[in-house]
Amino acid sequence: MTRDQVRYSWRPGCPVQVSDLRMITMTHWGFDDKIHTGRLVVNKDVADDLVSVFKRLYGYRFPIRKMEPIDAYKGSDFDSIEANNTSAFNCRAATGSTSWSEHAYGRAIDINPRENPYVYADGSNAHRNADAYVKRPLDKPGVINPGDRVVRAFESIGWGWGGDWSGAKDLQHFSKSGR
């Protein structure tokens, strides 16, 4: 990775150095039932594990709408979610916190955020394009449900799912720490 590749998502003071990040390029199935190529920026210490999980998702023909580094959205988590973009590294605080997000370490990923929204404890969400996807279980393409094969694929590398949290549920979110 170079500093120019993470112009918006990395800054001095981030808890990970640019030299510890890797860009992974992967094929994935789209919602159009065609093969696409996507890219994720992740911590080097989880790159191989994530490649293995995405190989499994590819084998399941699990559709992913879009997969671009968050720099395509000038580092804006909100804009990336609005575009239904699957992304990983972004040097930012955790939602509703001043502590670093696991995304700031490159050890978290958000998958199909429209189909798998962040749901507040009261059942609301911040993105109107996700209103039809708040309840689980839900049988629609690209949706992640409790205990399904996407959750199990991440569990196989020791990662936790935000859909298992109490209170607010981050249905798009997987991380090495489970947070």
Side-chain angles (χ1 to χ4, degrees), residues 1 5-9 21-43 46-90 92 95 101-103 106-119 125-157 159-164 169-176:
M1 295 289 309
Q5 291 175 297
V6 288
R7 175 176 298 154
Y8 300 104
S9 59
L21 298 173
R22 297 293 180 268
M23 176 86 70
I24 359 181
T25 302
M26 298 179 284
T27 54
H28 64 88
W29 289 98
F31 281 74
D32 59 2
D33 206 33
K34 294 181 180 174
I35 296 171
H36 298 268
T37 301
R39 296 177 303 138
L40 290 175
V41 176
V42 302
N43 193 300
V46 299
D48 290 339
D49 283 344
L50 286 174
V51 167
S52 74
V53 166
F54 277 89
K55 280 182 183 178
R56 289 174 76 173
L57 299 185
Y58 182 85
Y60 302 151
R61 294 181 72 113
F62 180 81
I64 294 173
R65 181 80 57 195
K66 186 185 290 190
M67 186 188 300
E68 300 178 302
I70 201 147
D71 276 73
Y73 304 91
K74 296 188 176 176
S76 170
D77 192 53
F78 187 89
D79 291 348
S80 178
I81 289 170
E82 283 289 301
N84 202 14
N85 182 51
T86 293
S87 66
F89 172 75
N90 191 11
R92 64 174 178 81
T95 302
S101 164
E102 289 299 295
H103 292 282
R107 295 183 181 127
I109 184 167
D110 291 338
I111 299 175
N112 293 336
R114 178 178 43 204
E115 288 79 13
N116 303 293
Y118 184 98
V119 182
N125 74 87
H127 299 271
R128 299 287 57 95
N129 66 0
D131 287 347
Y133 298 95
V134 170
K135 303 272 188 219
R136 291 294 185 274
L138 183 63
D139 185 22
K140 290 188 176 185
V143 167
I144 302 164
N145 286 295
D148 73 7
R149 58 191 179 178
V150 177
V151 172
R152 290 191 312 270
F154 278 94
E155 286 174 345
S156 75
I157 63 167
W159 283 41
W161 180 47
D164 288 333
K169 306 275 187 200
D170 198 350
L171 302 172
Q172 64 199 264
H173 182 84
F174 291 92
S175 67
K176 184 172 174 87

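Scanning all heavy atoms of the two residues, the minimum distance from Arg152 to Gly147 falls at NH1-O, 2.5 Å. Residues Thr25 and Thr37 approach most closely at CG2-CG2, 3.4 Å, considering heavy atoms. Residue Met26 comes nearest to Val51 through the heavy atom pair SD-CA, 4.3 Å, listed as atom of the first residue, atom of the second, then distance. Shortest non-hydrogen contact noted between Val143 and Leu138 is CG1-O, 3.4 Å. Contact detail for Asn84 and Pro113: the closest heavy-atom pair is OD1-N, 3.1 Å. In plain terms, the two heavy atoms of Lys140 and Tyr133 that are nearest each other are CD-CE2, 3.6 Å.
Taking CG from Asp110 and OG from Ser80, the interatomic distance works out to 8.0 Å, rounded to the nearest 0.5 Å. Note that CE of Met23 is 11.0 Å distant from CZ of Phe89, once rounded to the nearest 0.5 Å. Atom-to-atom distance recorded for Thr86:OG1 and Asn112:CG is 4.5 Å, nearest 0.5 angstrom. A distance of 11.0 Å separates CD1 in Ile70 from CG in Leu40, rounded to the nearest 0.5 Å. A distance of 11.0 Å separates OG1 of Thr27 from NE2 of His36, quoted to the nearest 0.5 Å. Atom CZ of Arg22 is separated from atom CE of Met1 by 9.0 Å, given to the nearest 0.5 angstrom.
Contact check for Val151 versus Phe174: side-chain heavy atoms found under the 4.5 Å cut-off. The shortest side-chain heavy-atom distance between Glu115 and Leu171 does not fall under the 4.5 Å cut-off. The shortest distance between side-chain heavy atoms of Gln5 and Asp71 does not fall below 4.5 Å. Between Trp159 and Val53, every side-chain heavy-atom pair lies at or beyond the 4.5 Å cut-off.
The side chain to side chain donor-acceptor pair (under 3.5 Å) check on Arg136 picks up Asn116, with sequence neighbours excluded. Not counting sequence neighbours, the partners of Tyr58 by the ring-ring contact (aromatic ring centres under 6.0 Å, His included) test are Trp29. Checked against side chain to side chain donor-acceptor pair (under 3.5 Å), Asn43 has no partners two or more places apart in sequence or in another chain. Under the ring-ring contact (aromatic ring centres under 6.0 Å, His included) criterion, His173 pairs with His103, Trp165, not counting sequence neighbours. Taking Ala83 as the reference, Lys66, Tyr73 meet the side chain to side chain contact (heavy atoms under 4.5 Å, CB included) condition, with sequence neighbours excluded. For the ring-ring contact (aromatic ring centres under 6.0 Å, His included) test, residues two or more places apart in sequence or in another chain that qualify with Tyr118 are Tyr120.
Put simply, the side chain of Asp49 never gets that close to the backbone of Ile157: no donor and acceptor are under 3.5 Å apart. Asn145 places no side-chain N or O within 3.5 Å of a backbone atom of Asp139 that could act as its donor or acceptor partner.
Outside the 6.0 Å centre-distance limit, the rings of His28 and Phe62 are not counted as a close aromatic pair.
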Walk me through it: do Phe54 and Ile64 pass the test side-chain contact (heavy atoms from CB on, under 4.5 Å)?
CA-CA 10 Å; Phe54 277 89; Ile64 294 173; 3.5 Å; yes
Between Glu82 and His127, is the side-chain contact (heavy atoms from CB on, under 4.5 Å) condition met? List the steps.
CA-CA 7 Å; Glu82 283 289 301; His127 299 271; 2.5 Å; yes
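More than 12 heavy atoms of other residues, nucleotides or ligands lie within 6.0 Å of CZ in Arg92, so this atom counts as buried by the packing criterion. Applying the 6.0 Å contact sphere to CG of Asp79 captures more than 12 heavy atoms from other residues, nucleotides or ligands.
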